Amino acid sequence: MEYNFRDIEKKWQQKWVDQKTYQVKEDNDKKKFYVLNMFPYPSGAGLHVGHPLGYIASDIYARYKRLKGFNVLNPMGYDAYGLPAEQYAIQTGQHPEVTTNQNINRYREQLDKIGFCFDWDREVRTCTPIYYHWTQWAFQHMFASYYDLSQQKALPIDTLIAHFAEKGTEGLNVAQSEELSFTVDEWNAMDEQQKSDTLMNYRIAFLGETMVNWCPKLGTVLANDEVVDGVSVRGGYPVVQKKMRQWCLRVSAYSQRLLDGLDTIDWSESIKETQRNWIGRSEGTEMQFKVKGTDQSFTIFTTRADTIFGVTFMVLAPESELVASLTTPEQKAEVDAYLDATKKRTERERMIDKKVTGVFTGSYAVNPFTGDEIPVWVSDYVLAGYGTGAIMAVPAHDSRDYAFARHFNLPIIPLIEGCDISEESFDAKEGIVCNSPKCPKEGQFSLNGLTVKEAIAATKKYVEEHKLGRVKVNYRLRDAIFSRQRYWGEPFPVYYKNGIPQMIPEECLPIELPAVDKFLPTETGEPPLGNATNWAWDEAGKQIVANEKIDNKTVFPIELYTMPGFAGSSAYYLRYMDPHNTEALVGKKADEYWQNVDLYVGGSEHATGHLIYSRFWNKFLFDLGYSVKEEPFQKLINQGMIQGRSNFVYRIKDTNTFVSLNLSKDYDVTPIHVDVNIVSNDILDVEAFKAWRPEYATAEFILEDGKYVCGWAIEKMSKSMFNVVNPDMIVEKFGADTLRMYEMFLGPVEQSKPWDTNGIDGCHRFLKKLWGMFFDRDGQLVLTDDAPTKDELRSIHKLIKKVGDDIENFSFNTSVAAFMICLNELNGLKSKNKQVMEQFVILMAPFTPHLCEELWEALGHDTSVCDAQWPEFNESFLKEDSVKMMISFNGKARFPMEFAADADNETIEKAVMDNPQTAKYTEGFQVAKVIIVPKKIVNIVLKK
RNA sequence: GCCGAAAUGGUGGAAUGGUAGACACGAGGGACUUAAAAUCCCUUGGGCAUAACGCCUGUGUGGGUUCGAGUCCCACUUUCGGUACCA
């Protein structure tokens with residue numbers, strides 16, 4: 001009987017559903033293990049073979065852990081809100097809810113065919129009210145919290161209000177948008193509006209007037225990680241800077257903890273490094289510069305305080321508020337013109353065209369060390385959003401300042417001994433400092449002779465002692481902009497009284513997304529939720545029911561923005577622990593049992609987005625006591641991208657004749673992408689090609705050896721390259737087990753690699769072979785009940801060790817190879833041993849669950865192989881009677897010798913030296929030393 | 001520019017500092033078959049031999065450490081990711 005994968009897979013997928021094989025419950029008698037995949041956006045294109053890579057790997061791990069006796073949580077869900085779903089809906093002219101559900105159903109169908117052990121009873125969809133209830137709930141808690149820097153945790157905003165009522169801002173060490181200073185009396189004198197505005201400066205979720213990435217084409221603002229090279233990640237539309245009032249999350253408050261936490265988790269060094277760079281901690285100095293002829297002063301931030309004697313000009317960011325106050329009347333026209341010009345340039349233009357621009361303000365700053373007067377300029381190479389939006393320029397030691405100084409003919413003063421600044425600046429933080437003038441105030445302060453490091457420390461000390469500024473740590477990490485002017489997202493649980501934002505009472509949550517006729521965004525940013533009818537709130541924050549009488553006095557406006565894509569994906573792992581709870585995001589019991597994700601699998605492209613937001617969100621919930629672990633994802637594996645392998649045909653120019661690859665160099669040809677599905681092992685199916693498109697119906701071919709050979713290239717998997725391979729097709733042709741095995745066999749999970757269907761036969765053959773070990777032609781089980789032989793035991797225990805180690809190390813490609821080797825060995829031994837094959841089936845069950853269930857059943861078991869026990873490894877079975885060792889001379893292998901397995905070094909050495917072959921190689925040399933590597937090699941070191 | 005990862009046959013890829021190329025694909029040869037498919041066996045880094053199944057060479061380049069280096073160290077080249085006027 002043949003291996004009929006179609007029937008087998010169908011049968012077991014149905015049984016798993018019927019018997020709820022993968023349903024998991026908290027069980028205090030078992031150790032928990034939480035495996036999680038980054039949940040997918042259900043996009044319209046469906047899954048291609050690249051998507052399941054991580055799912056298969058984590059599925060194997062989850063099944064393995066279960067066989068090892070763990071209670072394994074392995075859930076799946078959909079990240080259904082956000083731009084991609086809405087863009088797809090707009091493109092197809094349908095309501096996003098309709099398309100999202102369609103896409104989800106399609107995904108589910110595809111996923112089900114691959115045989116994952118997901119507990120679908122725990123599915124979450126971010127767009128369902130029962131789910132986003134808790135997204136809104138978390139937002140409200142962020143609104144009601146501030147961040148205390150001394151305690152390094154979030155605290156209730158009431159604590160801060162009490163502090164203001166008692167001491168004003170005195171003694172405050174908190175995360176804030178800008179440093180405010182007021183007294184108790186000033187606080188008490190504030191009206192409701194002013195108090196609300198003031199508190200926004202501290203809340204973790206706050207309304208802020210900030211420069212945002214505005215994408216007119218998408219009609220919404222975007223977070224920093226959603227913009228790359230000045231265009232939107234989604235769609236590639238231009239993005240401009242715009243000042244808008246937006247909801248923001250004070251992610252920056254957690255900068256230091258996000259940084260420190262990285263040392264406690266098991267993630268790849270590269271992704272940790274990416275996060276470190278994104279957080280961008282930099283230790284520096286803030287210094288105050290007085291403005292000549294006024295009592296005004298301003299602050300700059302620098303990491304190179306040691307270069308204070310090389311400052312030859314100052315630069316302000318065009319958006320800085322200082323520009324207006326420092327521009328002299330004579331310079332006003334010129335400065336205004338410059339500001340106007342920079343405003344018109346988009347981020348993208350600035351990036352492409354990095355020409356040096358700037359304008360003099362007319363003012364001079366005073367160097368606090370020397371009293372020198374320094375011109376103050378404005379230029380767009382200084383950013384308003386980082387540091388203080390003003391810098392001291394040291395052209396000798398900063399390449400940007402250097403370019404500016406050269407362009408505007410400003411002086412350049414070198415401060416490092418022997419540095420050459422004739423062509424470029426000397427940016428390295430090394431060398432011996434020179435050229436310190438005598439500091440007139442202090443007389444003796446000089447940095448000459450110090451290393452740069454020492455000079456920085458000395459300058460910092462001087463600045464602090466003389467109150468010229470302070471030592472300051474800056475972070476590059478910005479607060480996240482949390483509003484989107486779009487339809488398909490979570491509504492904010494916020495309404496407004498007299499323009500003051502109020503939270504909807506907790507018992508009225510969730511605020512459901514209303515149906516609207518027009519959900520398309522507008523270029524001007526009018527939110528689509530404005531089109532909702534019967535969507536009104538009263539003064540107490542209660543929704544007014546449609547049949548109630550509505551008059552203007554009772555209606556209070558509700559927030560019309562929606563939340564961004566990352567809102568729903570930031571705490572979903574907690575929700576899986578307790579997905580049906582209507583009282584809490586996650587119940588205490590479930591949270592304490594499952595704790596956090598032990599193994600998280602997903603793409604590295606989320607390094608600066610989701611993986612930062614989630615960590616922030618979880619830390620916040622941890623501070624409030626809603627999550628028991630500070631870090632959400634203990635171990636992270638980043639699966640590689642699967643690229644496409646495109647095929648080409650070569651058309652001779654201006655003809656409809658196609659020439660085979662190796663003959664194409666003799667002609668003038670144009671390579672054309674051809675659908676990989678009509679190419680097999682790079683040989684084109686000529687008839688299928690003619691049928692593919694009407695224009696090729698009459699195509700003619702120049703063949704080699706009667707075949708048309710296609711060219712190939714590795715490219716991104718995409719429709720336009722005709723290289724998309726769909727998992728359903730593979731499942732149909734070879735079965736899910738073959739697909740699972742082959743995806744793992746392709747190479748290391750973490751590595752990006754091209755998909756190449758060519759090799760899949762090998763895996764399929766292997767499964768057929770395994771089937772053939774069990775059954776004869778009539779489908780009768782041919783295994784015997786004999787006691788296993790020594791050789792059989794050795795072979796299977798080698799496999800137990802290898803596969804166990806490999807799965808723990810996420811090295812699945814080598815374990816697939818190990819299965820093949822073991823099966824070949826058993827085959828060679830003519831092994832038909834039931835006990836041995838039973839263990840083989842358990843070991844392989846994580847990889848090919850359908851086939852193994854079938855074999856398990858054939859072996860006479862009436863339970864699922866999922867509930868079997870991982871075989872115990874016994875090292876004593878690996879022992880061999882004799883061991884082959886390579887004899888080498890000075891590291892060069894020469895001949896093998898066999899020894900008793902328990903031979904000691906002395907015996908081995910003696911046997912080697914007594915061997916007549918040895919003499920041939922030692923002739924004319926002296927034996928200096930004999931190195932014996934157990935079970936491997938005997939190396940004889942020879943000297944003249 | 002900066003940060004990170006990598007470079008091994010025709011291809012995907014194996015190798016705790018210890019016989020480089022496991023395993024698989026592809027290719028070549030053979031068996032079975034009227035034939036094909038399927039299946040099985042042999043060969044397969046390069047070179048020289050093949051009368052002795054032995055020798056030489058070989059893991060991007062150049063050095064170094066070591067009895068012994070694909071693996072460790074230094075310098076360089078290339079490729080792929082990420083990031084960028086962050087002061």
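Residue numbering restarts at 1 for every chain, and letters A, B, ... go by the order of the sequence lines. This is a predicted model, so every value here is computed, not measured. Side chains are part of it too, since the values below use all heavy atoms of this structure and drop only hydrogens, waters and symmetry mates.
You'll find that the side chain of M820(A) is closest to C23(B), out of A87(B), U19(B), C23(B). Relative to the side chain of T303(A), the nucleotides U83(B), C86(B), A87(B) differ in distance, and A87(B) lies closest. When the nucleotides A15(B), A24(B), G18(B) are ranked by their closest atom to the side chain of T814(A), A15(B) comes out on top.
Residue-level contact check: I931(A) touches the bases, meaning some heavy atom is under 4.0 Å from a base atom. Residue-level contact check: P896(A) touches neither bases nor backbone, having no heavy atom under 4.0 Å from any strand. As judged by a 4.0 angstrom heavy-atom cut-off over every strand, Q751(A) is placed among residues touching the sugar-phosphate backbone only. Among the atoms of the strands shown, only primed sugar atoms or phosphate atoms (P, OP1, OP2) are found under 4.0 Å from some heavy atom of R765(A). Among the atoms of the strands shown, base atoms are found under 4.0 Å from some heavy atom of R478(A). Counting non-hydrogen atoms under 4.0 angstrom, M886(A) reaches a base of the nucleic acid. The residue I391(A) sits close to a base: some heavy atom pair falls under 4.0 Å.
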(message) Only Watson-Crick and G-U wobble pairs with both distances less than 3.5 Å should count. Give RNA chain B in dot-bracket notation, marking inter-strand partners with |.
(response) (((((((..(((.....[....)))((((((.......))))))((((.....))))..(((((..]....))))))))))))....

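Remark: R615(A) is not positioned above the aromatic ring of W278(A), lacking an NZ or CZ atom under 6.0 angstrom from the ring centre and at most 45 degrees off the axis.
Between V930(A) and V912(A) there is no side-chain heavy-atom pair separated by less than 4.5 Å.
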